[in-house]
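Structure record follows, encoded as structure tokens.
Lettering follows sequence order; numbering is per chain, from 1.
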Amino acid sequence: MEIRIGYPCINWTIGCKADRTFRLKSYSEERLVKIVENNLDCLLEILRFNLRHSLLFFRITSDLVPFASHPVCQFNWQEHFTKQFKKIGDFIKTNDIRISMHPDQFILIDTVDDRVWEKSRRELVYHAQVLELMELDTSARIQLHVGGVYGDKKGSIKRFVERFQKLEDIVKRRLVIENDDKNYTLEDCLRISDEIGIPVLFDVFHHELNSSGETVPEAFQLFTETWKGKDGIPMVDYSSQKKGGTKSGHAVSIDLTHFKKLLAETEPFDFDVMLEIKDKEKSALKAVKAASQDYRFKKIAV
DNA sequence: TCACGTCAAGCAGAT
DNA sequence: ATCTGCTTGACGTGA
């Protein structure tokens with residue numbers, strides 16, 4: 001029985017960043033090594049902070065190794081940083097921390113452009129390699145949206161399914177698809193999941209903006225079934241709407257009433273929930289407090 | 001030292 | 001045809 005709470009990529013409390021980068025124009029091996037050293041050190045610092053605060057779910061930034069999948073990068077960063085990756089992986093495994101990664105909007109499996117497909121494939125391999133180097137099991141996942149519609153949803157889904165089969169095994173065994181706010185609903189994702197057998201990550205906020213009308217309990221009944229055995233327990237993305245902002249803008253800080261409602265509605269499911277809130281760990285800490293009464297919440301003896 | 005234009009990558013919808 | 005949101009800061013050039 002467990003719920004783990006997390007936040008994505010960045011921690012504002014501790015004084016380091018795991019997503020430092022530089023300009024492509026100023027690329028050099030020395031530059032890359034220096035930045036990646038910093039990023040890996042900081043990632044471990046963030047995970048230590050998280051552990052102290054019972055935050056046992058974390059999304060690792062895609063910027064951990066800048067330009068890793070870009071042709072400019074001929075450096076064998078995988079070999080050079082093997083020890084550091086393993087050390088972080090050991091920390092994650094020892095403390096039963098859940099990890100996800102989320103390649104950004106340029107990564108498209110269903111694209112109609114072969115060049116975009118090739119670049120996306122490489123970027124997905126990079127993400128998988130990070131998790132492999134940490135020697136994490138397949139409960140550590142890479143989440144991706146289905147992609148563009150290109151004026152033909154059926155055809156785009158078909159292309160997604162066909163392209164998925166061409167992905168490297170290390171990517172295939174970690175990929176999960178997530179419902180988005182405009183194009184692909186939970187229902188679409190479930191249909192794809194049926195065909196290719198990968199889990200569906202449920203985004204509560206996107207579902208509020210774009211769905212076929214399922215209630216949250218109904219949605220949980222459906223998507224949780226796509227997570228089996230070695231996939232780990234289901235993953236959920238959570239946010240609420242930014243007040244006065246654009247429709248799909250994420251809230252600046254957590255709406256605890258809204259969050260508690262989610263906990264109440266989702267009983268008795270176990271899941272790991274990623275809080276996509278602008279103030280990151282600050283709201284995550286509030287959520288930990290709010291969830292600490294919940295029998296499902298995984299507590300850490302500090 | 002500081003300001004600010006721009007940063008690897010794409011799609012979709014608005015203007 | 002061009003701009004903006006997604007997401008947001010911070011890199012790094014030019015003064």
Side-chain angles (χ1 to χ4, degrees), chain A residues 7-28 30-32 34-36 38-39 42 46 59-75 77 100-127 142-153 155-157 159-160 163 177-185 188 201 203 205-210 237-242 244-253 274-283:
Chain A
Y7 61 98
C9 308
I10 294 167
N11 178 301
W12 295 117
T13 305
I14 66 175
C16 73
K17 292 176 63 54
D19 61 338
R20 286 203 57 191
T21 186
F22 52 93
R23 294 285 100 97
L24 177 59
K25 271 197 275 185
S26 55
Y27 179 91
S28 75
E30 298 71 42
R31 193 80 195 264
L32 181 73
K34 226 175 164 184
I35 288 280
V36 175
N38 167 85
N39 288 354
C42 182
I46 293 174
R59 183 184 299 164
I60 295 175
T61 174
S62 297
D63 288 332
L64 195 67
V65 184
F67 308 109
S69 72
H70 192 282
V72 77
C73 178
Q74 294 299 314
F75 181 66
W77 56 269
S100 67
M101 294 187 84
H102 192 346
D104 60 10
Q105 68 264 37
F106 311 107
I107 309 312
L108 293 155
I109 289 179
D110 79 333
T111 177
V112 291
D113 185 334
D114 282 342
R115 291 164 302 176
V116 174
W117 156 238
E118 185 53 33
K119 283 185 272 187
S120 297
R121 209 180 50 74
R122 289 168 55 102
E123 180 74 354
L124 286 166
V125 168
Y126 150 64
H127 281 78
I142 300 166
Q143 65 187 90
L144 200 66
H145 295 294
V146 179
V149 173
Y150 311 97
D152 173 16
K153 198 170 188 178
S156 296
I157 289 177
R159 202 164 44 251
F160 184 97
R163 289 259 179 78
I177 43 174
E178 175 189 356
N179 57 305
D180 68 74
D181 58 347
K182 293 197 291 282
N183 302 328
Y184 294 93
T185 61
D188 297 324
L201 185 155
D203 188 310
F205 182 44
H206 290 162
H207 190 73
E208 284 177 12
L209 299 172
N210 178 33
D237 275 2
Y238 171 84
S239 184
S240 53
Q241 198 165 358
K242 182 177 179 176
T246 59
K247 212 176 76 165
S248 54
H250 287 175
V252 176
S253 66
M274 180 64 61
L275 304 182
E276 297 191 311
I277 315 272
K278 293 248 197 290
D279 67 0
K280 305 289 177 183
E281 78 282 0
K282 205 173 154 197
S283 279

Reference residue A/Asp237; test side chain to side chain donor-acceptor pair (under 3.5 Å); the match among A/Gln143, A/His207, A/His206, A/His102: A/Gln143
query: Does A/Lys282 offer a backbone N or O that forms a donor-acceptor pair with the side chain of A/Asp279 under 3.5 Å?
result: no
field: Parallel, tilted or perpendicular, as decided by the 30° and 60° cut-offs, for the rings of A/Phe67 and A/Tyr27
entry: perpendicular
field: Salt-bridge criterion met for A/Arg163 and A/Asp114 (N-O under 4.0 Å)
entry: yes
query: Within a strict 4.5 Å, meaning less than it, do heavy atoms of the A/Tyr184 and A/Asn210 side chains meet?
result: no
query: Do A/Asp63 and A/Asn39 have side-chain heavy atoms sitting under 4.5 Å apart?
result: no
task: Consider only side-chain N and O atoms of A/Glu123 and A/Ser69, and report whether a donor and an acceptor are under 3.5 Å apart.
output: yes
message: Can you measure A/Glu178 atom CD to C/dC6 atom C1' for me and round it to whole angstrom units?
response: 12 Å
message: Walk along nucleotides 9-15 of chain B from 5' to 3' and tag each nucleotide B, S or - by protein heavy-atom contact under 4.0 Å, base first, then sugar-phosphate.
response: BBSS---
Under 4.0 Å protein heavy-atom contact, by nucleotide of nucleotides 9-14 of chain C - B base, S sugar-phosphate only: SSBS--
query: When rounded to the nearest Å, what value does the distance between P atoms of B/dA3 and C/dT7 take?
result: 29 Å
field: Between C/dG12 and B/dA9 - P atom distance, rounded Å
entry: 15 Å
- request: Please answer whether the main-chain N or O of A/Trp12 pairs with a side-chain N or O of A/Glu281 as donor and acceptor at a distance below 3.5 Å.
  value: yes
- prompt: Should the pair A/Arg115-A/Glu118 be classified as a salt bridge under the 4.0 Å nitrogen-to-oxygen rule?
  reply: no
field: Gap separating the CG atom of A/Asn11 from the CG atom of A/Asp19, nearest 0.5 angstrom
entry: 11.0 Å
query: Between C/dG14 and B/dA8, how far is it from one P atom to the other, in whole Å?
result: 15 Å
task: In whole angstrom, give me the gap between the P atoms of C/dC6 and B/dC4.
output: 25 Å
statement: Intra- and inter-strand pairing of DNA chain C, written as dot-bracket with Watson-Crick and G-U pairs under 3.5 Å and | for the latter, reads ||||||..|||||||
task: Starting at atom CG of A/Leu144, determine the distance to atom P of C/dC6, rounded to an integer number of angstrom.
output: 19 Å
- prompt: Taking the P atom of each, how far is B/dC11 from C/dC11, in whole Å?
  reply: 28 Å
NZ/A/Lys153: more than 12 non-hydrogen atoms of other groups inside 6.0 Å: yes
